[in-house]
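Read the structure below first, then the notes.
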Amino acid sequence: MSAPAPSPLAIVEVDPAHTPERQGEVLTDAALTFVAELHRRFTPRRDELLARRAERRAEIARTSTLDFLPETAQIRADDSWQVAEAPAALNDRRVEITGPTDRKMTINALNSGAKVWLADFEDASAPTWENVVSGQLNLIDAYERRIDFTDPASGKSYALGPAGELATVVMRPRGWHLDERHLQFEGRPVPGALVDFGLYFFHNAKRLLDLGKGPYFYLPKTESHLEARLWNEIFVFAQDYVGIPQGTVRATVLIETITAAYEMEEILYELREHASGLNAGRWDYLFSIVKNFRDGGAKFVLPDRNAVTMTAPFMRAYTELLVRTCHKRGAHAIGGMAAFIPNRRDPEANERALAKVKNDKDREAGDGFDGSWVAHPDLVPVARASFDAVLGDRPNQKDRLREDVDVKAADLIAIDSLDAKPTYQGLIDAVQVGTRYIEAWLRGLGAVAIFGLMEDAATAEISRSQIWQWVDAGVVFENGEQATAELVRRVAAEQLAAIRAEVGEEAFTSGRWQQAHDLLLRVALDADYAEFLTLPAYELLGC
């Protein structure tokens, strides 16, 4: 057999100190040729769909409303179609753990006792070249059972448990809006989604089949059924390319944009031979509401993010519609994130937080969800107990059709049904969390512990978006101060000084604090609202 021709993709060189030692095992000519073919075939359509997003946002700005699509009413009305039956490895999803694909997390997540690990190349991973490539290597090594890790600080060693006890991997590539500057075709970056999907699929599709599983994916930031259709076309092409049966791929779509919430059935329909379920992604969903209705007036102004619980009427409409939609079509409904990080130094605070997690998971299981997310291995037993109590020995509750649910289009955007209002402390919290997260992201960390919660890029997005919205709306806080650019700059300067005093001069100077502060103010105050803060942040990321 002749060797594959050199790939037409150009690899943009980085500082050798940031180049993974085994990069060549991932960036083989054959793998890069596959990614190049994905790029040639599908990037033009990706570009069209990004332009369509902008057009739809302009329409929302004009009308301040959304509705279910009249042109797809026949899909919603047709009760005959179902998604493909779940493969055995994805039939029981009662607890899913999320996290980046660094070596330690890979081992801990697979060993966690969760049914599924969301191996995250998206919001929980800052896309440094080292993270992109080493994450792929870590997954290959895990499937080959040649992965281990020794913590240089503690000396503790980590290794995989028995194969039958490991979580099933569902990999999440980057969203459509992000490009990968280190892989270029004719001088143009390849979409990060195609890089992440392409490298993972090419190297692991057949390997996973040999393990009795398959290439399974979480699809982030989807805004329409047309974007789901593009992914389906990619799956069909990719399966033919490597020679595996059609329908081997399974995809779970994150319903984390307000526009996608109006197209859940259509999204499942487009992916029906490859669909596995839908997931309710809380923070990105709130970010999407603010982004799309940011200039819609007082009735769309969100209060402090922690005041928007999943029991808020418009959030309850979203989650209950998701469960009904999934079960009507034979798909899994996966609940939201428990981001709490257990704190063994404060048992009382720990117990209070665990009680909140239990209540949240009890509610999801009672509402009909088939599983839910946690961010820390210690939360796996808590979430599992909530779902065990409802499911028993059953793998899921897809037979619970929730025909009692009747959600109208207006219910999903009834933001003014909340009594809570923005507070001055909420502004401080948004500045604090946004600054701390962006600083860590600029150092290459995507999953960051902040004030007892595991935060990712969605957290920073809702923080800066709420600041933007409050200033634009001229919100007056309970202390009488009005949200203005000047007030935000004052609060940001005060919080930056407090962080400097907290971490010390050496850590402050060696970190990316000033850049984080400046970027937060830019994306929170510029009149030209940035679609995603990770776009300007990527320009500052370095390697």
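- Ser125 places no side-chain N or O within 3.5 Å of a backbone atom of Phe121 that could act as its donor or acceptor partner.
- Put simply, the side chain of Ile341 does not reach to within 4.5 Å of the side chain of Leu453, judged on heavy atoms.
- Looking only at side-chain heavy atoms (C-beta outward), Asn350 and Phe340 come within less than 4.5 Å of each other.
- Other residues, nucleotides and ligands contribute more than 12 heavy atoms inside 6.0 Å of the CD atom of Glu144.
- Asp210 has no carboxylate O lying under 4.0 Å from a charged side-chain N of Arg207, or vice versa, which leaves the two without a salt bridge.
- Across every non-hydrogen atom of Leu254 and Asn279, the tightest pair is CD2-OD1, 3.3 Å.
- The shortest distance between side-chain heavy atoms of Met310 and Arg316 does not fall below 4.5 Å.
- Using a 4.5 Å heavy-atom threshold, the side chains of Ile334 and Leu278 count as separate.
- Judged by distance alone, with hydrogens and angles left aside, the side-chain atoms of Asp120 form a donor-acceptor pair with the main-chain N or O of Ala124 at under 3.5 Å.
- Pairing each heavy atom of Leu160 with each of Ala142, the nearest pair is CD1-O, 3.7 Å.
- The cationic group of Arg45 does not satisfy the cation-pi geometry with Phe42, failing either the under 6.0 Å distance to the six-membered ring centre or the 45° limit from the ring axis.
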Set out, in order, the CA-CA distance, both residues' side-chain angles and the distance that settles side-chain hydrogen bond (donor to acceptor under 3.5 Å, both in side chains) for Asp399 and His327, then state yes or no. CA-CA 7 Å; Asp399 58 342; His327 289 181; over 6 Å; no

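- Taking the six-membered ring where the residue is Trp, Phe287 and Phe532 present perpendicular rings, their angle passing 60° and hence far from 30°.
- Between the side chain of Arg181 and the backbone N or O of Tyr538 there is at least one donor-acceptor pair closer than 3.5 Å.
- Arg443 places none of its side-chain heavy atoms less than 4.5 Å from the side chain of Trp441.
- Distance alone, capped at 3.5 Å, is enough to place a donor-acceptor pair between the Gln239 side chain and the Thr248 backbone.
- For the pair Asn131 (side chain) and Pro127 (backbone), a donor-acceptor distance under 3.5 Å is absent.
- Looking only at side-chain heavy atoms (C-beta outward), Pro173 and Glu122 stay at 4.5 Å or farther from each other.
- A salt bridge does not link Lys221 with Glu227: none of the charged nitrogens is closer than 4.0 Å to a carboxylate oxygen.
- Counting non-hydrogen atoms of other residues, nucleotides and ligands closer than 6.0 Å to CD of Gln74 gives a total above 12.
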side-chain contact (heavy atoms from CB on, under 4.5 Å) for Tyr200 and Leu208? Distances and angles first, verdict last. CA-CA 11 Å; Tyr200 179 77; Leu208 284 161; 3.6 Å; yes

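- By the neighbour-count criterion of 12 heavy atoms within 6.0 Å, atom CZ of Arg146 is densely surrounded, having more than that number from other residues, nucleotides or ligands.
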Applying side-chain hydrogen bond (donor to acceptor under 3.5 Å, both in side chains) to Glu180 and Trp129, what does each step give before you reach the verdict? CA-CA 9 Å; Glu180 176 50 68; Trp129 186 234; over 6 Å; no

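- A cation-pi contact, defined as under 6.0 Å to the ring centre and within 45° of the axis, is absent between Lys206 and Phe201.
- Within the 3.5 Å criterion, the main-chain N or O of Met105 finds a donor-acceptor partner in the side chain of Asp102.
- Minimum heavy-atom separation, Ser134 to Pro20: N-CG, 4.2 Å.
- Side-chain N or O atoms of Asn138 include one that pairs as donor or acceptor with a backbone N or O of Thr101 at under 3.5 Å.
- Side chain of Arg272 to main chain of Gln82: no donor-acceptor pair is present (N/O by atom type, distance under 3.5 Å, no hydrogens or angles).
- Just one residue in the list Glu96, Arg94, Arg93, Lys361 forms a side chain to side chain donor-acceptor pair (under 3.5 Å) with Ser372, and that residue is Lys361.
- Listed by first then second residue, pairs satisfying ring-ring contact (aromatic ring centres under 6.0 Å, His included) with a partner in residues 95-117 number zero, not counting sequence neighbours.
- Note on ring orientation: taking the six-membered ring where Trp is involved, the planes of Phe197 and Phe217 are tilted (angle from 30° to 60°).
- Residues Trp231 and Phe235 bring their aromatic ring centres within 6.0 Å.
- Looking only at side-chain heavy atoms (C-beta outward), Gln184 and Val190 stay at 4.5 Å or farther from each other.
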side-chain hydrogen bond (donor to acceptor under 3.5 Å, both in side chains) between Asp92 and Asn396, intermediate numbers included: CA-CA 6 Å; Asp92 187 334; Asn396 54 63; over 6 Å; no

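- Counting only distance, with no hydrogens or angles, the side chain of Glu364 and the backbone of Gly336 share a donor-acceptor pair below 3.5 Å.
- Ring pair Trp81/Tyr269 is perpendicular by interplanar angle, where above 60° counts as perpendicular and below 30° as parallel.
- Two residues are said to be in side-chain contact when any heavy atoms from C-beta on lie closer than 4.5 Å; Tyr216 and Ser276 fail this criterion.
- Within the 3.5 Å criterion, the main-chain N or O of Ala458 finds no donor-acceptor partner in the side chain of Asp284.
- Residues passing the side chain to side chain contact (heavy atoms under 4.5 Å, CB included) test with Glu270 are His225, Ala228, Arg229, sequence neighbours excluded.
- Within 6.0 Å of the NZ atom in Lys398, the count of heavy atoms belonging to other residues, nucleotides or ligands exceeds 12.
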